[in-house]
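Notes follow the structure.
What you see below is based on every heavy atom in this structure, not just the backbone, and it leaves out hydrogens, waters and symmetry mates. Order of listing sets the numbers, starting from 1, for every ligand and every atom in it. Each residue takes its place number in the sequence, starting with 1.
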Amino acid sequence: MRVLIVHAHPETASFNASMMRKAVSTLAEVGHEVLVSDLYAMEFDPVSDRRNFRTVADAERLDQQREEAYASANGGYVVELQAEMDKVVWCNALILQFPLWWLSMPAILKGWFDRVFALGRSYGGGRWFDRGVHAGKLALCSVTVGGPPELYSDHGFYAPLEQILFPVHRGILGFTGFTVVEPFIVYGPQRMSRAERLARLGDYRRRLLALESLPRVENPRTSDYEGFVRKPSGAGDRLG
Ligand SMILES: Cc1cc2nc3c(=O)[nH]c(=O)nc-3n(C[C@H](O)[C@H](O)[C@H](O)COP(=O)(O)OP(=O)(O)OC[C@H]3O[C@@H](n4cnc5c(N)ncnc54)[C@H](O)[C@@H]3O)c2cc1C
C-alpha cells in the first residue's frame, strides 16, 4: 500500500510523534510505501482564503468554493497545496495522527482539510460517499485523548469517541469516499508509566499490521438513499 500519514503535533518528543514514527517503521517494515506530512514541521498554514490560488475566478467577491472549482479546472493551486493534493491522490491509505483538542482535531489539521480537500479535487459533481473521489482508499484516525475512558463512556461527561469523531469519519472522510476503519485511541498517555506507553505503541503496531482487515466505521451507501434521505427499510425490495 501507499500510506500517507498526516501528523499534527507540535512536539517531536510527544507521544503522538512516537506513534507517527511507530507507524512509519511498522508500515515500511512490511513493504508499504509511506509519506508523512508533518504539519508543524512544514509550518503548514491552516488559513484557507484567496492565498490558496494562483488563479482568480472573481476578483470582486471571494466565493471560496467557486474559486476552488475554477482552480481545480485550471491548475490554479499554489505549489504547497498542489503538493498535498498530489499526496492524497498518490496514497491508498490515509492515517491522521493527532491529539484530541477541544473534542476536535488541532486547527492545523482542520486547516489542512479546509485547504487540501477542495471542491473539484476531493468532492463535487455528485461524487460523495461510496461514489466519492477517494473511493477505494482506506482512512484511520489515530488519536490521543487527555481524559480517561470513563469520561468518554455512555455515562461520562462526554460522549463515546465514535460520536466525537463523527464529523471527521462521516463529514470529511466518508463524504469524500474513504473507507474508514475503526479509530485507534490512546487515553491519557501523559498519566501512564513508561511500560504502559510502550504497550500502547505495541498495540498500535498490531493494529497497523492488520490495517487492511480492520472493522469499518459505518458510512452511508448512496443506493440506500433517495435524495438526501434514507429510503424506508424494505423500499428496495418493494421497488424491485
Ligand atoms: C488545546 C488543547 C485542548 C485539549 N482538549 C482536550 C479535550 O477536549 N479532551 C481531552 O480529553 N483532552 C484534551 N486535551 C489534552 C490532550 O488531548 C492530551 O494532552 C494529548 O492527547 C496527549 O498526547 P501527547 O502526544 O500530547 O502526549 P505527551 O504529553 O507528549 O506524551 C505523554 C508522555 O509520553 C512520553 N513519551 C513520548 N514518546 C514516548 C515513547 N516512545 N515511549 C514512552 N513514552 C513516550 C512523553 O515524554 C510524555 O511523558 C487538550 C490539550 C490541549 C493542548
Give me the nearest non-hydrogen protein atom to [atom] as residue plus atom name, then the distance to 0.1 Å.
{"atom": "atom 38 (N) of ligand 1", "answer": "Ser18 OG, 2.7 Å"}
{"atom": "atom 26 (O) of ligand 1", "answer": "His9 NE2, 2.7 Å"}
{"atom": "atom 17 (O) of ligand 1", "answer": "Leu100 O, 2.7 Å"}
{"atom": "atom 8 (O) of ligand 1", "answer": "Leu103 N, 2.9 Å"}

Quiz prompt | Lys110/Asp114 ion pair, N-O < 4.0 Å | solution =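 The answer is yes: the pair qualifies as a salt bridge.
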Quiz item: With sequence neighbours excluded, what pairs up with Arg51 under the side-chain hydrogen bond (donor to acceptor under 3.5 Å, both in side chains) test?
Solution: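 Applying side-chain hydrogen bond (donor to acceptor under 3.5 Å, both in side chains) to Arg51 gives Asp49.
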Quiz item: Under 3.5 Å, is there a donor-acceptor pair linking the side chains of Lys137 and Thr179?
Solution: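 Note: Lys137 and Thr179 side chains miss the donor-acceptor criterion.
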Is [X] in contact with ligand 1, taking contact as a heavy-atom separation below 4.0 Å?
{"X": "Tyr152", "result": "yes"}
{"X": "Leu151", "result": "no"}
{"X": "Gln190", "result": "yes"}

Could you tell me which atoms of ligand 1, counted from 1 in the order shown, lie closer than 4.0 angstrom to a heavy atom of [X]?
{"X": "Ser14", "answer": "25 (O), 30 (O), 37 (C), 38 (N)"}
{"X": "Thr144", "answer": "17 (O), 20 (C), 21 (O), 22 (C), 23 (O)"}
{"X": "Arg194", "answer": "42 (N), 43 (C)"}
{"X": "Asn16", "answer": "23 (O), 24 (P), 25 (O)"}

Quiz item: Strictly under 6.0 Å, is that where the ring centroids of Phe228 and Trp128 end up?
Solution: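 Yes; Trp128 has its ring centre under 6.0 Å from that of Phe228.
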Quiz item: Do Phe175 and Tyr123 have their ring centres less than 6.0 Å from each other?
Solution: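 Phe175 vs Tyr123: aromatic centres under 6.0 Å.
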